[in-house]
Amino acid sequence: MTKDRILVIGACGQIGVELTLELRKIYGDANVVASDLREENPLLKGTGPYVSLDVMNKEMLHVQVIRQNITQIYLLAAILSATGEKNPHLAWSLNTQSLLNVLEIAKDENIQKVYWPSSIAVFGPTSPKINCPQQTIIEPITVYGISKYAGEFWCNYFYHRYQVDVRSLRYPGLISYKSEPGGGTTDYAVEIFHDALEENSYTCFLKEDTYIPMMYMPDAIRATIELMETNADKISVRTSYNISGMSFSPKEIAAEIKKHLPEFTINYQPDYRLAIAESWPQSIDDSVANKDWQWKPKFDLSEVTIDMIANLKKKLKNNFI
Ligand code: NAD
Ligand code: AKB
């Protein structure tokens, strides 16, 4: 049996740092190669191999895959929804070309498994708002959403045409305290905790009643690993699985934070990100993921709030923020 050797591309981002650390626990530190354009994230330093890599450079990527004897690739590099609207051409180019580079190399080198995340951003204003199903009308209005939807069909194509075992999840907005979010519309749900602890107040770029599907990072990491460990014959969706965690509005998360920090106040100055958020569903039906590989989230808003505040307080005390 070939030993698993994993390449994580975009390992210094919000998901990459935590996913790399978790994969290292499972597969062994030396067998998980972290890579990114950026300098190595301080949380990864000393925990395993790191290579500087631009996923857009297909030759360089190919060389690393061969040199490191890679058997699985996790592709996390992307430009997210809010940043994508500032430079749509760049977002389209990175988000689609990176995936094509990885899928072609996976096909040519018989890579055993590929992971690539999609997003709830594939959905648009014509998709159902409540409990948005796995299969429905999908008409995204952001370049990010368009690139993710196109990517889902490239995954499906490479699976059916070339038997590349590529798997994917449509993550909701992710909340974490270890690494910073990277330019999404859902970033408010992380910023609010930082500002609550540092300033006692937060100015939100959405409206008080803008509901978005969200998930705590430990649930997202667990979902990713559970999907990747599922037997291939159980996976019925080769585009990307809906997964759901929780759903709340800025007003609700502010009220939850106020239970722990009574002085906290929130005010609202909506900007261009409001239209993006309002184009997405408010909640997601993940019954197909539950049926195929028994997906179930663990964290709700009240548990997330307690955990975020406790961990950010520790980081602040130790001057890690
Ligand atoms: P992020 O922006 O925090 O991290 C992306 C990483 O990719 C960064 O470290 C960046 O330096 C790196 N990168 C960018 N261009 C690169 C290139 N050319 N070569 C190599 N590395 C490059 O993003 P994230 O939040 O960690 O998201 C990871 C993936 O998950 C993305 O595909 C994103 O669309 C998806 N996703 C994230 C969320 C979320 O809430 N964070 C939700 C849904 C989907
Ligand atoms: C974003 O807001 O762009 C991301 C996402 C939901 O894909 N967090």
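Whatever order the structure lists them in is the order used to number ligands and atoms, beginning at 1. Only heavy atoms go into these numbers, but all of them, side chains included; no hydrogens, no water, no symmetry mates.
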* **Polar side chain donor-acceptor pair, Thr210 to Ser249, under 3.5 angstrom** => no

* For Ser247 and Gln282, test the side chains for any donor-to-acceptor distance below 3.5 angstrom and give the result as yes or no. => no

* Structure fact -> ligand 2 atoms nearer than 4.0 angstrom to some heavy atom of Ser81 are 1 (C), 2 (O), 3 (O)

* To do: Within a distance under 4.0 Å of any heavy atom of Tyr144, pick out the atoms of ligand 1 and give their elements.
  => 33 (C), 34 (O), 35 (C), 36 (N), 43 (C), 44 (C)

* To do: Would you tell me whether Glu85 and Tyr272 have side-chain atoms, one donor and one acceptor, within less than 3.5 Å of each other?
  => no

* Asked: Does an N or O from Trp280, backbone or side chain, lie closer than 3.5 Å to an N or O of ligand 2?
  -> no

* From Ser176, Ser119, Gly151, Gly182 - option closest to atom 2 (O) of ligand 1 by heavy atom -> Gly182

* Asked: If we ignore angles and hydrogens, is there a donor and acceptor under 3.5 Å between the side chains of His194 and Glu199?
  -> no

* Asked: Should Asn242 and Phe123 count as side-chain neighbours, where that means a heavy-atom distance under 4.5 Å?
  -> yes

* To do: Check ligand 1 against Gly10 and write out every atom of the ligand that is under 4.0 Å from a heavy-atom position of the residue.
  => 6 (C), 7 (O), 12 (C)

* Under 3.5 Å between some N or O of ligand 2 and some N or O of Thr185? -> yes

* To do: Give the atoms of ligand 2, by number and element, whose distance to some non-hydrogen atom of Ser119 is under 4.0 Å.
  => 5 (C), 6 (C), 7 (O)

* Are side-chain N/O atoms of Ser118 and Arg170 paired as donor and acceptor at under 3.5 Å? -> no

* Per-residue contact class, Ile79 against ligand 1 - non-hydrogen pairs under 4.0 Å -> neither

* Gln294 side chain reached by Glu226 side chain, heavy atoms, under 4.5 Å -> no

* Asked: Is the gap between the ring centers of Trp92 and Tyr144 under 6.0 Å?
  -> no

* Taking atom 22 (C) of ligand 1 as the reference point, the nearest protein heavy atom with its distance -> Ala77 CB, 3.5 Å

* Verify ring pair (Phe, Tyr, Trp, His ring centres under 6.0 Å) between Phe153 and Tyr149, making sure each step is shown before the conclusion. => CA-CA 7 Å; Phe153 282 90; Tyr149 199 39; 5.1 Å; yes

* Can you tell which of Pro181, Gly183, Pro172 gets a heavy atom nearest to atom 42 (C) of ligand 1? -> Pro172

* Nearest candidate to atom 16 (C) of ligand 1, where distance is taken over non-hydrogen atoms, out of Ile9, Asn57, Leu37 -> Leu37

* To do: Could you tell me whether Leu94 approaches ligand 1 through its side chain, its backbone, both or neither, with non-hydrogen atoms closer than 4.0 Å?
  => side chain

* Asked: Taking distance alone, with no angle check, do Tyr171 and ligand 1 share an N/O pair under 3.5 Å?
  -> no

* Determine whether the side chain, the backbone, both or neither of Ser118 has a heavy atom under 4.0 Å from any heavy atom of ligand 1. => backbone

* Output yes when the distance from some N or O of ligand 2 to some N or O of Tyr171 is under 3.5 Å, and no in every other case. => no

* **Nearest option to atom 1 (P) of ligand 1, as decided by whichever heavy atom of Gly13, Ser81, Ala11 sits closest** => Gly13

* To do: Report the member of Thr186, Leu75, Leu76 with the shortest heavy-atom distance to atom 31 (C) of ligand 1.
  => Leu76

* Options Arg38, Gln14, Met60, ranked by nearest heavy atom to atom 3 (O) of ligand 1, top entry -> Gln14

* Please lay out, stage by stage, how Ser240 and Ser168 fare under the test side chain to side chain donor-acceptor pair (under 3.5 Å). => CA-CA 5 Å; Ser240 189; Ser168 178; 2.8 Å; yes

* Without hydrogens or angle criteria, can the side chains of Asp292 and Ser236 be said to hold a donor-acceptor pair below 3.5 Å? -> yes

* Quick one: does Trp116 get within less than 4.0 Å of ligand 1, heavy atoms only? -> no

* Asked: How about Tyr216 and Asp307: does a side-chain donor come under 3.5 Å of a side-chain acceptor?
  -> yes

* **Structural part of Arg170 in contact with ligand 1, heavy atom criterion under 4.0 angstrom** => neither

